[in-house]
Amino acid sequence: MFVYLREEIKAIFQRDPAARSFWEVILCYPGFHALLAYRIAHWFYQRKLFLLARLISQITRFLTGIEIHPGAKIGKGLFIDHGMGVVIGETTEIGDYVTIYQGVTLGGTGKEKGKRHPTIGDRVIIATGAKVLGSITVGENAKVGAGAVVIRPVPANSTVVGVPGRVVVQDGVRVGGPDLEHGKLPDPVMSYCEQLEKRIEQLESRLARIDQGEG
């Protein structure tokens, strides 16, 4: 557990320019507090002390605004930035060095039993307010844009935006818009509207020629 916590402290310093000192991270970062409590709750959960594990989880939710089910499997180096409103479901699996921003939900889509939450690959970034739902896989190095709702598998090395989530960059090649730099999200809806506008202009031009007898 201490190896994981050390990696999480290191991840905060690497990915948050506001982090100034070790004690600031220990005392002032709710994402770190939530992960510390999760590691303890998960230890009890693995030993089938389910009620105690859930109690720790719920107390932590009250204190931090971050809800991590003790049954989730989380790798090393997870960074939860700010974290208010983050929800991580019971059968979620998260790889190493993942970054999650506030308001993210890694949830299910129904009342089915078994694996019903997503699997997140290594080094994935999930931006503010994104929802990743169901037993799907988000491949390593993927980026999920702010506010996206992802209900289908996401390939590795790709960027997903929109509702429902659409792949707009894969392996460095644009599929429908510019790459994601967390603050520069492509807008597939706007792109589609622009295509429609161009098509309307073409049709209007053709109709004008027909009216003039140019056929």
| message | Go through it in stages, so that I can follow the logic: the residues are Lys48 and Phe50, the test is side-chain contact (heavy atoms from CB on, under 4.5 Å), and I'd like the CA-CA distance, side-chain angles, deciding distance and then a yes or no. | response | CA-CA 5 Å; Lys48 302 189 184 301; Phe50 301 124; 3.9 Å; yes

| said: Less than 4.5 Å apart, side chain to side chain, heavy atoms only: is that true for Val98 and Ile74? | reply: no

| message | Closer than 3.5 angstrom, by distance alone: can the side chain of Ser158 be matched with the main-chain N or O of Ala142 as a donor-acceptor pair? | response | no

| field | Nearest-0.5 Å distance, CD1 of residue Ile9 to CD1 of residue Ile26 | value | 3.5 Å

| said: With a 6.0 Å cut-off (strictly less than), is the heavy-atom count around CZ of Arg116, excluding the residue itself, greater than 12? | reply: yes

| Are Phe32 and Phe13 connected in the hydrophobic side-chain network, where two residues link if heavy atoms are under 4.5 Å apart? | yes

| message | Distance check, rounded to the nearest 0.5 Å: Lys73 atom NZ versus Gln46 atom CD? | response | 8.5 Å

| field | Side chain proximity check, Thr159 to Val167, heavy atoms < 4.5 angstrom | value | no

| Below 4.5 Å, heavy atoms only, C-beta onward: do Gln58 and Glu67 meet side chain to side chain? | yes

| said: Do Ile80 and Ile66 make a side-chain contact, defined as non-hydrogen atoms from C-beta onward lying under 4.5 Å apart? | reply: yes

| Working for side-chain contact (heavy atoms from CB on, under 4.5 Å), residues Leu5 and Leu36 | CA-CA 7 Å; Leu5 294 175; Leu36 173 60; 3.4 Å; yes

| field | Asp96 (side chain) donor-acceptor with Lys76 (main chain) under 3.5 angstrom | value | yes

| query | Which atoms form the tightest heavy-atom contact between Ala130 and Val144, and what is the distance? | reply | CB-CG1, 3.7 Å

| query | To the nearest 0.5 Å, what is the distance between CD1 (Ile136) and CD1 (Ile120)? | reply | 7.0 Å

| said: Strictly distance-based, threshold 3.5 Å: is any side-chain N or O of Glu197 a donor or acceptor partner for the main-chain N or O of Cys193? | reply: no

| task | Evaluate the side-chain contact (heavy atoms from CB on, under 4.5 Å) criterion for residues Thr105 and Val132: first the C-alpha distance (whole Å), next the side-chain angles of each, then the deciding distance (0.1 Å), finally the verdict. | result | CA-CA 6 Å; Thr105 298; Val132 184; over 6 Å; no

| So do the side chains of Ile12 and Tyr29 get within less than 4.5 Å of each other, counting heavy atoms only? | yes

| query | Is there a donor-acceptor pair closer than 3.5 Å between any side-chain N or O of Lys115 and the backbone N or O of Thr91? | reply | yes

| request: Return yes if some donor-acceptor pair links the side-chain N/O of Thr137 with the main-chain N/O of Thr119 below 3.5 Å, else return no. | output: no

| Check: Gln14/Tyr97 side-chain N/O donor and acceptor closer than 3.5 Å | no

| request: Measure the CD1-NZ distance between Ile126 and Lys131 for me, rounded to the nearest 0.5 Å. | output: 11.0 Å

| task | Determine yes or no for a side-chain-to-main-chain donor-acceptor pair under 3.5 angstrom, with His42 supplying the side chain and Pro70 the backbone. | result | yes

| Is the ring centre of Tyr45 less than 6.0 Å from the ring centre of His69? | yes

| note | Correct closest heavy-atom pair for Ala37 and Thr60 would be CB-OG1, 3.0 Å

| said: Is the shortest side-chain heavy-atom distance between Pro164 and Arg152 below 4.5 Å? | reply: yes

| said: Under 4.0 Å between a side-chain nitrogen and a carboxylate oxygen: does that hold for Arg209 and Glu204? | reply: no

| field | Of Val154, Val138, Val149, the residue whose pairing with Val160 passes side chain to side chain contact (heavy atoms under 4.5 Å, CB included) | value | Val154

| message | Which heavy atom of Pro30 sits nearest to which heavy atom of Cys28, and what is that distance? | response | CD-O, 3.3 Å

| query | Got a second to check how far Leu55's CG is from Phe44's CZ, nearest 0.5 Å? | reply | 11.0 Å

| Do Ser205 side-chain atoms and Glu201 backbone N/O form a donor-acceptor pair below 3.5 Å? | no

| remark: When every non-hydrogen atom of Gly89 is compared with those of Ala72, the smallest separation belongs to O-CB, 3.5 Å

| query | Would you say Ile68 and Phe62 are hydrophobically clustered, going by side-chain heavy atoms of ILVMFWY under 4.5 Å? | reply | no

| task | Find the distance between CZ (Arg54) and CZ (Arg61) and round it off to the nearest 0.5 Å. | result | 10.0 Å

| field | Non-hydrogen side-chain atoms of Ile56 and Tyr38 separated by less than 4.5 Å | value | no

| said: Check for me whether Arg47 meets the cation-pi criterion with Trp43, that is, NZ or CZ under 6.0 Å from the six-membered ring centre and within 45 degrees of the ring axis. | reply: yes

| request: Would you check if the side chain of Thr92 reaches a backbone N or O of Ile88 as a donor-acceptor pair within less than 3.5 Å? | output: no

| field | Pairwise side-chain contact, Ile100 with Ile94, heavy-atom cut-off 4.5 Å (strictly under) | value | yes

| field | Steps toward salt bridge (charged side-chain N to carboxylate O under 4.0 Å, His left out) verdict (Arg39, Glu8) | value | CA-CA 12 Å; Arg39 300 292 180 196; Glu8 280 138 21; 2.4 Å; yes

| said: Taking side-chain hydrogen bond (donor to acceptor under 3.5 Å, both in side chains) as the criterion, tell me which of Lys143, Arg123, Arg15 meets it with Thr99. | reply: Arg15

